[in-house]
Amino acid sequence: MGRHRKMASGNSSVAESTPVSRATGQEAPRHGDADTAPWCPAIEPHQVELYHYLVQVPVGVPIKGLAAITPVAAAMVVQAPAVTRETDRKRLVLMCQLLAHDRDMHGDIDLRRAMHRVHVDHYVRSGSGSQTSGTIAAYSSHFYRFGRLLHPAEYPAPREPLRRTRVQRPYSPAEVQALYRRHLSLTDHLADRLLTMLDLATGVGARSDEMVSLTGSSVRQIPTGGGASAVCVELPSRRTGVIRTIPVLGASKAGRLWRRAQVAGPDGYLLEGGRRNAVNGVQRAIRARGVSIDISAVRLRYFWIVEIAHRPIPVATFLQLADLGDSHSLHELSRHMRGYEPDEVAAIMAGALA
């Protein structure tokens, strides 16, 4: 039996198996006598079941000399964590095709030679005329995963997946009401600032840095028909820069913001004080009076987004109002939105399609 050792190359990270697997004690794939058998990685005990599956599963594509190539390709494929049987079979097919291409170029089966990056890149791009850029990227990712095991110095490190920040939980209606009640313990001037800040956040979804730039002219009334009108606040879109005209959610909030705009005048700021962070400025002023308070502008805005998501408005209108910059935030916020029963969905759709 052959001896088992680490590959001589300092760049390798897998063990040799020529011609017996050091882990299983079973013979590794033979294609002739031991001295001429193609090299392949050692097969560990936990890899044996997948290996046996791969050497027996139909490849499904015509490859010359497949019987000699399959055991070598399978021994390489099992070095990566198993995914699903179908995914592992597809990995096997790709590896067999690469080895066959390399064999046709050089005359023999040599896994280590085939997995050098220069050969992998040439093989992947050799069929680029009939492949999309997405297919080329997928093939490269596949072969690079295994190439790092044999020649880690030749391949770039795998990309770390983007870690998305968890979206903050929106305030509940009860928590918002508790914040509104805080104004009862404040002086008139400070209470007005707190109410204006809360009305802007929960009434039109204004961000903290947007609140400080709003003036009396940012608030206006728009006729809605039948002699009625809606109080609206104009906010610039973060995504497009276009001014969004947002009706205030709630009659009491609309009335307070309209009155505040009249007091401030066209050029006066709705929120007095610092021009940097409206919420922090109000919190500091309140805490200076000895009142404990902790307000998150983001959670207030998310409360508003969840509220308007439950209103019978078109999705296009919702997206225009919410001005969310990514689908991830919307997906996370959907966890806090109510579900609808089938009869409710049917009634809503019937009304929308009438």
Side-chain angles (χ1 to χ4, degrees), residues 167-171 173 176 179-180 192-224 228-283 295-334 336-337:
V167 171
Q168 295 186 48
R169 178 182 65 84
Y171 281 123
V176 170
L179 290 174
Y180 267 100
D192 288 343
R193 288 181 64 188
L194 175 61
L195 287 175
T196 299
M197 185 267 292
L198 291 173
D199 288 344
L200 288 172
T202 65
V204 296
R207 300 173 175 90
S208 184
D209 60 338
E210 294 171 335
M211 296 180 194
V212 294
S213 63
L214 296 175
T215 64
S217 61
S218 303
V219 182
R220 61 192 185 99
Q221 291 185 331
I222 296 181
T224 57
S229 61
V231 176
C232 301
V233 177
E234 294 181 334
L235 292 171
S237 168
R238 281 278 181 87
R239 294 182 298 110
T240 66
V242 175
I243 297 298
R244 297 173 296 136
T245 301
I246 305 175
V248 179
L249 190 64
S252 297
K253 298 173 187 178
R256 284 194 295 267
L257 287 176
W258 179 250
R259 291 190 294 272
R260 175 59 194 149
Q262 304 313 299
V263 172
D267 300 322
Y269 291 108
L270 296 183
L271 270 177
E272 298 177 357
R275 301 268 67 83
R276 298 185 65 182
N277 188 305
V279 174
N280 288 347
V282 172
Q283 286 190 123
I295 305 174
S296 166
V298 173
R299 293 181 65 193
L300 285 171
R301 171 172 154 76
Y302 286 166
F303 164 81
W304 170 79
I305 289 176
V306 171
E307 285 291 304
I308 64 170
H310 293 143
R311 305 300 168 118
I313 59 176
V315 173
T317 304
F318 166 76
L319 294 175
Q320 178 179 324
L321 294 175
D323 195 40
L324 288 168
D326 63 281
S327 58
H328 171 67
S329 297
L330 182 58
H331 171 72
E332 289 292 314
L333 290 175
S334 68
H336 305 283
M337 299 176 188

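Listed here is the closest heavy atom pair of Cys232 and Thr245: CB-CG2, 3.5 Å. When all heavy atoms are compared, the tightest approach of Trp304 to Ala201 is CB-O, 3.5 Å. The two residues Arg301 and Gly205 come nearest to each other via the heavy atoms NH1-O, 2.9 Å. In terms of heavy atoms, Leu324 sits closest to Ser329 at CD2-CB, 4.1 Å. Pairing each heavy atom of Met211 with each of Ala206, the nearest pair is CE-O, 3.4 Å. Contact detail for Pro170 and Leu333: the closest heavy-atom pair is CG-CD2, 3.8 Å.
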*asked:* Using side-chain contact (heavy atoms from CB on, under 4.5 Å), reason through Met197 and Leu300 one step at a time and then give a plain yes or no.
replied: CA-CA 10 Å; Met197 185 267 292; Leu300 285 171; 4.1 Å; yes

*Could you walk me through whether Ile246 and Leu321 pass the side-chain contact (heavy atoms from CB on, under 4.5 Å) check?*
CA-CA 7 Å; Ile246 305 175; Leu321 294 175; 4.0 Å; yes

*asked:* Checking Leu249 against Ile308 for the side-chain contact (heavy atoms from CB on, under 4.5 Å) test, could you report, in this order, the C-alpha distance in whole Å, the side-chain angles of both residues, the deciding distance, and whether it holds?
replied: CA-CA 8 Å; Leu249 190 64; Ile308 64 170; 4.1 Å; yes

*Kindly indicate, with the supporting measurements, whether the criterion side-chain contact (heavy atoms from CB on, under 4.5 Å) is fulfilled by Leu257 and Thr196.*
CA-CA 7 Å; Leu257 287 176; Thr196 299; 4.3 Å; yes

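Residue Asp192 holds its CG atom at 10.5 Å from CG of Leu271, rounded to the nearest 0.5 Å. Note that CD of Gln283 and CG of Leu194 are 9.5 Å apart. Values are rounded to the nearest 0.5 Å. Rounded to the nearest 0.5 Å, atoms CG (Leu179) and CZ (Arg299) are 9.0 Å apart. Residue Asp199 holds its CG atom at 4.0 Å from CZ of Arg256, rounded to the nearest 0.5 Å. For the atom pair CG of Leu319 and CD1 of Ile313, the computed distance is 9.0 Å after rounding to the nearest 0.5 Å. A distance of 16.0 Å separates CZ of Phe303 from CD of Gln168, quoted to the nearest 0.5 Å.
Side-chain atoms of Ser218 never come within 3.5 Å of backbone atoms of Glu234 as a donor-acceptor pair (strictly under, hydrogens ignored). When atom types are taken as modelled, the side chain of Ser217 and the backbone of Pro266 share a donor-acceptor pair closer than 3.5 angstrom.
Qualifying salt bridge (Lys or Arg N to Asp or Glu O under 4.0 Å) partners for Arg259, counting only residues two or more places apart in sequence or in other chains: none.
Checked by atom type, the side-chain pair Tyr180/Thr202 shows a donor-acceptor distance below 3.5 Å.
At least one side-chain heavy atom of Val219 sits less than 4.5 Å from a side-chain heavy atom of Trp258.
Ionic pairing of Asp323 and Arg207 is present here: one or more N-O contacts between side-chain nitrogen and carboxylate oxygen are shorter than 4.0 angstrom.
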